[in-house]
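Below you'll find the structure, written out as structure tokens, and then a few comments.
Please read these numbers as outputs of a predicted model, since none were measured by experiment. Scope of the values below: all heavy atoms of this structure, side chains included, with no hydrogens, waters or symmetry mates. Start at 1 and go down the list; that is how both ligands and their atoms are numbered.
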Amino acid sequence: MVGGGQLARMTHQAAIALGQSLRVLSVSPDDSAALVAADVRIGTHTDLAALREFAKGCDAVTFDHEHVPTAHIAALAAEGVKIYPGADTIVYAQDKQRMRERLSELGAPVPRWRPVAEAGEIAGFAAEAGGWPVVAKAVRGGYDGRGVWMLADAAAAEELVRTGTPLIVEERVPLVRELAALVARSPFGQVAAYPVVETVQRDGICVEVLAPAPGLPEERALEAQQLAIDLANALGVVGLLAVELFETADGLVVNELAMRPHNSGHWTIEGARTSQFEQHLRAVLDYPMGETSLAAPAVVMANVLGGPDGGMSIDEHLHHLFAADPGVRVHLYGKQVRPGRKIGHVTVLGDDMTSVRARAARAARRLQEGE
Ligand SMILES: Nc1ncnc2c1ncn2[C@@H]1O[C@H](COP(=O)(O)OP(=O)(O)OP(=O)(O)O)[C@@H](O)[C@H]1O
Ligand SMILES: [Mg+2]
């Protein structure tokens, strides 16, 4: 796996049970996965020579992020490396403009959008799309809400355009809530879909995932799963595809695509019969897919973000949490605590969504703040 973050760390954990050993290409020996995997190569994912050396002897190569240049992926594939998802596919998870264009071509529901180079174009778009605010997005490189700007007026648009960041602009979707549909597809073409979840974001960061999405009509859940399956097939995805969705009064709208284990699927480690990390490995290794059904009627994952500096250590917080609620499952990523940084997550399983959600939120708060 190229990239040594928490996704690689949790994929490594899943690889062990499959009798595999995950080799990791990590930028630094302190990265989440580099701290735990036995076979770690230090190097950058933009260095073709490093990628080539890294890929030697691997059964398959895949990614924990979207930042490997497609030219490098194509070069390795041409040399016979099984590398998934391929260059012509992953580009739709790397580049928001290409993603929007392709989704529009495929007839998938997308917000009104436009690529923009000048502030005047943003103002023109706002006028057509029903006024300010509009949402501007960096074409490449955004994550956790960095690279997304809610623009209130022409002055804000001008200031952003001055930074020189390549941008697209979108209408602000009047969303009721956010959903995610996660599927996996193998080179053989088998596709498996997980139950559709609700994702809750705060300040552009996912903080909670509720599985299954509470109160989602079966019809709409099937529609979301079918959309994700159709996109996985149409784009030729191998591995996981997470389709981030907006639910509106009029139906579903696609926000964006990710082609790797995704935060909206962390709940599957305990909450589904097959975790997304194992599923991703099965897919890229061309094994048959695992069962995706829920292990309990209600599953909630809550992210643990780095708390303010000072105060008790995370270890002391963990003691308190374990004493208070022995049923909570904890995953810590071995990352340096910084305010707002994703440093771990908790998962709670149960029968009743309301109480499971409260327990998960409480547990995340205990780890973050001690209370
Ligand atoms: N067109 C829109 N209308 C309303 N809200 C939006 C729109 N686009 C994005 N958002 C809000 O901003 C969040 C982040 O947007 P997006 O998923 O595009 O960015 P990202 O930084 O790539 O996210 P990620 O953390 O998933 O990588 C969304 O989850 C949603 O809450
Ligand atoms: Mg997103």
**Asked** Please walk me through it: do H345 and Y333 pass side-chain hydrogen bond (donor to acceptor under 3.5 Å, both in side chains)?
**Response** CA-CA 9 Å; H345 74 265; Y333 306 151; 2.6 Å; yes

**Request:** Apply salt bridge (charged side-chain N to carboxylate O under 4.0 Å, His left out) to the pair K82 and D59, showing each step before the final yes or no.
**Result:** CA-CA 7 Å; K82 288 185 177 152; D59 296 318; over 6 Å; no

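Among residue pairs with one or both ends in residues 261-284, those qualifying as salt bridge (Lys or Arg N to Asp or Glu O under 4.0 Å) are E278-R282; sequence neighbours excluded.
With sequence neighbours left out, the ring pair (Phe, Tyr, Trp, His ring centres under 6.0 Å) criterion links H262 to no other residue. Taking H280 as the reference, nothing meets the ring pair (Phe, Tyr, Trp, His ring centres under 6.0 Å) condition, with sequence neighbours excluded.
For the pair R112 and E170, the salt-bridge criterion is not met [side-chain N within less than 4.0 Å of a carboxylate O].
Closer than 4.0 angstrom to ligand 1 by heavy atom are K96, V135, K137, G142, Y143, D144, G145, R146, V148, E170, E171, R172, V173, L175, E178, Q201, E244, F246, N255, E256, sorted by chain and number.
Looking only at N/O/S atoms, E244 comes nearest to the Mg ion (ligand 2) through OE1. E256 contributes OE2 as its N, O or S atom closest to the Mg ion (ligand 2).
A ring-centre distance under 6.0 Å is not found for H45 and H72.
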